[in-house]
Amino acid sequence: MQLIIVESPTKARTLTRFLKGDYQIEATMGHIRDLPKAALGVDIEHDFTPSYVIPKLKQKRVGELKKIAKGADAIILATDPDREGEAIAFHVQYVIRENPKSKTQNLKFSRIVFHEITEHATKEALAHPREIDLPLVDAQQARRVLDRLVGYKLSPLLWQKLSKRWLSAGRVQSVAVRLIVEREREIAKFTNEEYWTITGEFRIKNLELRIEDQVMIAQLVSKEGVKYEKTLTFDLFDGKYTTTTSTISNQSLADGIVRDLKPPFTVSAVDKKEVKRYPYPPYTTSTLQQDAGRRLYFSAKKTMQLAQKLYEEGVITYHRTDSVNLAEKFITEARNFIKGQYGEAYVPETARRYKSKSKVAQEAHEAIRPTEAGETHDKLQMTNDKDLNRDHYRLYELIWKRALASQVKEAVFDSTTIDITTSNGYVFEAQGSVVKFDGYLKITGRDNDEVIIPNVTVGQTVALQEAKPEQHFTSPPPRYTEASLIKTLEEKGIGRPSTYAPIISTIQERQYVTREEKKLVPTELGNAVVDFLVKYFSDIMALPFTAAMEDDLDAIANGEKQWVPVIRAFYEPFGKLL
């Protein structure tokens with residue numbers, strides 16, 4: 001008998017559907033070995049050696065796995081294809097082998113990796129087993145030790161200084177709170193500036209077609225070549241914020257311009273051009289969490305819980321990834337499906353292949369995609385043989401549309417810009433577009449922002465029906481949402497796909513941040529913690545420092561650095577500050 005060990009019962013059940021005969025599939029029910037909860041668990045004096053224990057709640061399961069292992073001819077470790085999964089595989093092997101007198105001492109262990117739980121992918125993985133990737137284990141161990149040192153050394157200091165024994169500090173979570181705190185302070189000190197815009201409503205006669213007059217809306221943009229629009233740029237903690245305003249600064253100026261508009265109003269330019277819009281690449285963890293937040297109003301935590309279930313049921317690929325790469329098999333399936341469903345006109349001449357912008361993206365991984373190109377949202381619901389609910393189907397539909405659309409031809413628009421000039425040099429501009437070929441929009445759906453404008457010719461006279469001045473005020477930089485915070489963390493190289501959802505959950509659970517109308521707002525406690533940490537631990541709270549540490553962890557995973565020197569380089573100055 002060959003024993004396959006995975007993390008979850010759902011994953012085990014899915015594998016059982018197509019692995020019969022000599023295989024027995026068992027689940028660890030998550031991590032089976034971890035640092036102790038009640039102690040630091042890291043020997044600082046001896047190369048930061050971690051002291052792992054089997055949690056009380058897992059001891060029974062570990063005993064069962066050991067017993068089952070005694071009857072196995074070989075053990076196949078099939079945990080998830082990331083650093084955490086590699087570490088779980090390592091700990092399973094260690095626990096089963098730890099007793100020198102055990103019959104499991106001489107058992108043959110192998111490690112397999114697959115990015116989708118399908119028959120093809122699993123059998124392909126079984127045909128190409130490997131050893132445990134120790135650099136990946138070291139990278140995960142380094143992250144765990146690092147976070148334990150920060151959390152268990154810094155948290156008691158916060159308890160003492162801020163008189164709250166339930167506070168916690170985390171290497172990445174504290175930086176995330178700082179981003180939110182700094183943004184709130186930038187909003188508070190922002191000074192709103194008044195400005196005005198002028199919109200013209202023009203009536204166009206169409207005598208040839210003998211139809212009713214058409215109305216066209218245009219914006220005042222310039223006078224005698226001098227533009228009214230101006231751009232303001234502000235330096236923020238996390239980058240630059242740009243907002244658009246106008247040189248028309250008050251109502252008196254706006255009213256004066258309206259009075260000064262002199263007929264005739266003549267079409268001075270008509271610029272028509274073809275514009276192509278290309279599909280987005282398939283989802284990564286970050287972009288899925290952002291889109292699910294914006295479109296479905298799911299929290300990052302909920303999105304990952306739903307995606308975990310979809311992955312374990314075998315309907316999507318692994319959901320913790322920073323790659324936009326797609327398997328050739330899927331690309332071929334997708335192109336065939338698109339051709340059959342929508343016609344050959346929708347299939348690009350050559351398949352689209354995407355490259356990640358991130359310098360640390362693991363291109364051997366795949367983007368998040370459906371395991372079958374033809375498994376539409378409706379078809380998945382109709383089969384109804386999986387333990388999925390409405391929210392699972394809604395998230396799946398998002399993933400399916402994004403992945404399939406990435407392999408469809410671009411959408412083509414006829415874009416038109418029309419200039420209307422007054423006799424004394426004021427210029428109004430109208431813009432509109434019409435879909436010429438819907439392309440990938442056939443799958444994703446069209447936007448509702450299309451503006452269709454009448455056909456006019458240069459030299460044609462139009463009538464100004466009304467000119468409307470409108471008051472505005474410049475807006476401060478927006479508060480973070482979960483989606484925009486994840487985007488910023490990713491752009492700054494802080495955290496990794498598996499950490500975004502836990503970070504956002506933790507900072508809310510610790511009452512450093514609250515959600516108000518889907519926006520993240522710091523509490524007084526969050527402000528106090530950030531001020532204390534920035535004052536005494538400025539390096540740890542700096543974005544470049546945190547991003548550099550992530551680079552070091554990636555270097556460990558790639559076998560380019562050893563984990564102990566990396567931890568020592570961090571801890572020695574940190575220990576002195578403590």
Any side-chain donor-acceptor pair under 3.5 Å between Ser433 and Ser415? no

Is it the case that Arg510 places NZ or CZ above or below the six-membered ring of Tyr512, under 6.0 angstrom from the centre and within 45 degrees of the axis? no

Atom CD1 in Ile486, atom CD in Glu491: separation rounded to 0.5 Å? 12.0 Å

Side-chain heavy atoms of Val270 within contact of Thr457, under 4.5 Å: no

Walk me through it: do Trp196 and Ser249 pass the test side-chain contact (heavy atoms from CB on, under 4.5 Å)? CA-CA 6 Å; Trp196 288 70; Ser249 57; over 6 Å; no

Regarding Arg352 and Gln407, do their side chains bring together a donor and an acceptor under 3.5 Å, going by distance alone? no

Residue among Lys492, Arg178, Arg183 satisfying side chain to side chain donor-acceptor pair (under 3.5 Å) with Asp238: Arg183

Please step through side-chain contact (heavy atoms from CB on, under 4.5 Å) for the pair Val408 and Lys442, ending with a clear verdict. CA-CA 9 Å; Val408 182; Lys442 188 76 144 181; 5.7 Å; no

Is it true that Asp291 and Arg402 have a side-chain N and a carboxylate O under 4.0 angstrom from each other? yes

What do you reckon, is NZ of Lys409 surrounded by more than 12 foreign heavy atoms closer than 6.0 Å? yes

Minimum heavy-atom separation for Asn250 and Leu253, please, with both atom names. OD1-N, 2.8 Å

Glu482: which of Lys301, Lys519, Gln508, Lys487 passes side chain to side chain donor-acceptor pair (under 3.5 Å): Gln508

Which distance, rounded to the nearest 0.5 Å, do you find between the CG of Leu577 and the CD1 of Ile540? 7.0 Å

Mind checking whether Arg479 and Val521 have side chains closer than 4.5 Å, heavy atoms only? yes

Decide whether Asn424 and Thr422 meet the rule of one side-chain donor and one side-chain acceptor closer than 3.5 Å. yes

Going by atom types only, do Asn325 and Arg353 share a side-chain donor-acceptor pair under 3.5 Å? no

Do Lys518's NZ or CZ and the ring of Tyr297 fall within the cation-pi criteria of under 6.0 Å and 45°? yes

Inter-residue atom distance Leu388.CG - Leu310.CG, 0.5 Å rounding: 6.0 Å

Answer yes or no: is there an ion pair linking Glu550 with Arg143, defined by an N-O contact shorter than 4.0 Å? yes

Quick one: do Tyr311 and His319 satisfy ring pair (Phe, Tyr, Trp, His ring centres under 6.0 Å)? Show the steps, please. CA-CA 7 Å; Tyr311 165 68; His319 53 293; 5.7 Å; yes

Short side-chain donor-acceptor distance under 3.5 Å, Gln251 and Gln471: no

Reported CE-to-CD1 distance for the pair Met216 and Ile204, which is rounded to 0.5 angstrom: 3.5 Å

Could you give me the CA-CA distance, side-chain angles and deciding distance for Ile420 and Val427, then say whether side-chain contact (heavy atoms from CB on, under 4.5 Å) is met? CA-CA 6 Å; Ile420 298 169; Val427 178; over 6 Å; no

Sequence-distant partners of Glu274, side-chain hydrogen bond (donor to acceptor under 3.5 Å, both in side chains), two or more places apart: Lys436

Within-4.5 Å side-chain heavy-atom neighbours: Lys262 and Asp260: yes

Donor-acceptor under 3.5 Å (Thr506 side chain, Pro502 main chain): yes

Side chains of Asp235 and Tyr241: any donor to acceptor distance under 3.5 Å? no

Can you find a pair of side-chain heavy atoms, one from Tyr396 and one from Pro370, that are under 4.5 Å apart? yes

Could you tell me whether Asp531 and Arg185 have a side-chain N and a carboxylate O separated by less than 4.0 Å? yes

Could you tell me whether Arg277 and Asp438 have a side-chain N and a carboxylate O separated by less than 4.0 Å? no

Distance from Trp159 atom CH2 to Leu162 atom CG, nearest 0.5 Å? 12.5 Å

Glu201 versus Gln465, side-chain donor and acceptor atoms under 3.5 Å: yes

For Ile180 and Leu520 the tightest heavy-atom approach is CG2-O, 3.6 Å

Would you check if Phe428 and Val221 make a side-chain contact, meaning some heavy-atom pair closer than 4.5 Å? no

I'd like to know whether OH of Tyr536 has more than 12 heavy-atom contacts from other residues, nucleotides or ligands below 6.0 angstrom. no

Would a distance-only check, ignoring hydrogens and angles, find a side-chain to backbone donor-acceptor pair under 3.5 Å from Ser222 to Gly225? no

Give me the ring orientation class for Phe537 and Phe532: parallel if the planes are under 30° apart, tilted from 30 to 60°, perpendicular past 60°. tilted

If we ignore angles and hydrogens, is there a donor and acceptor under 3.5 Å between the side chains of Glu490 and Ser286? yes

Strictly below 4.0 Å, N to O, side chains only: are Lys189 and Glu186 in salt-bridge contact? no

Under 3.5 Å, side chain of Tyr354 to main-chain N/O of Ser406, donor-acceptor pair present? yes

Regarding His472 and Thr197, do their side chains bring together a donor and an acceptor under 3.5 Å, going by distance alone? yes

Heavy-atom nearest pair, Ile217 first then Ala430, reads O-CB, 3.4 Å

Are any non-hydrogen side-chain atoms of Leu236 and Pro477 less than 4.5 angstrom apart? yes

Without swapping roles, check the side chain of Thr416 against the backbone of Lys272 for a donor-acceptor pair under 3.5 Å. no

To the nearest 0.5 Å, tell me how far Ile368 CD1 sits from Tyr283 OH. 9.5 Å

Tell me whether the rings of Phe265 and Phe202 are parallel (<30°), tilted (30 to 60°) or perpendicular (>60°). perpendicular

More than 12 heavy atoms of other groups within 6.0 Å of Lys230 NZ: yes

For Thr474, is there any backbone N or O sitting under 3.5 Å from a side-chain donor or acceptor partner on Asn192? yes

For the pair Tyr280 and Tyr440, evaluate ring pair (Phe, Tyr, Trp, His ring centres under 6.0 Å) and give the outcome as yes or no after the intermediate values. CA-CA 10 Å; Tyr280 290 109; Tyr440 74 93; 7.7 Å; no

With the side chain counted from C-beta on, respond yes when Tyr228 and Ser246 share a heavy-atom pair under 4.5 Å apart, and no when they do not. yes

Side-chain heavy-atom pair Thr266, Gln460 within 4.5 angstrom cut-off: no

Taking it one step at a time, do Gln511 and Glu509 satisfy side-chain contact (heavy atoms from CB on, under 4.5 Å)? CA-CA 5 Å; Gln511 298 175 28; Glu509 287 163 7; over 6 Å; no

With a 4.0 Å cut-off, would you call Arg83 and Asp554 a salt bridge? yes

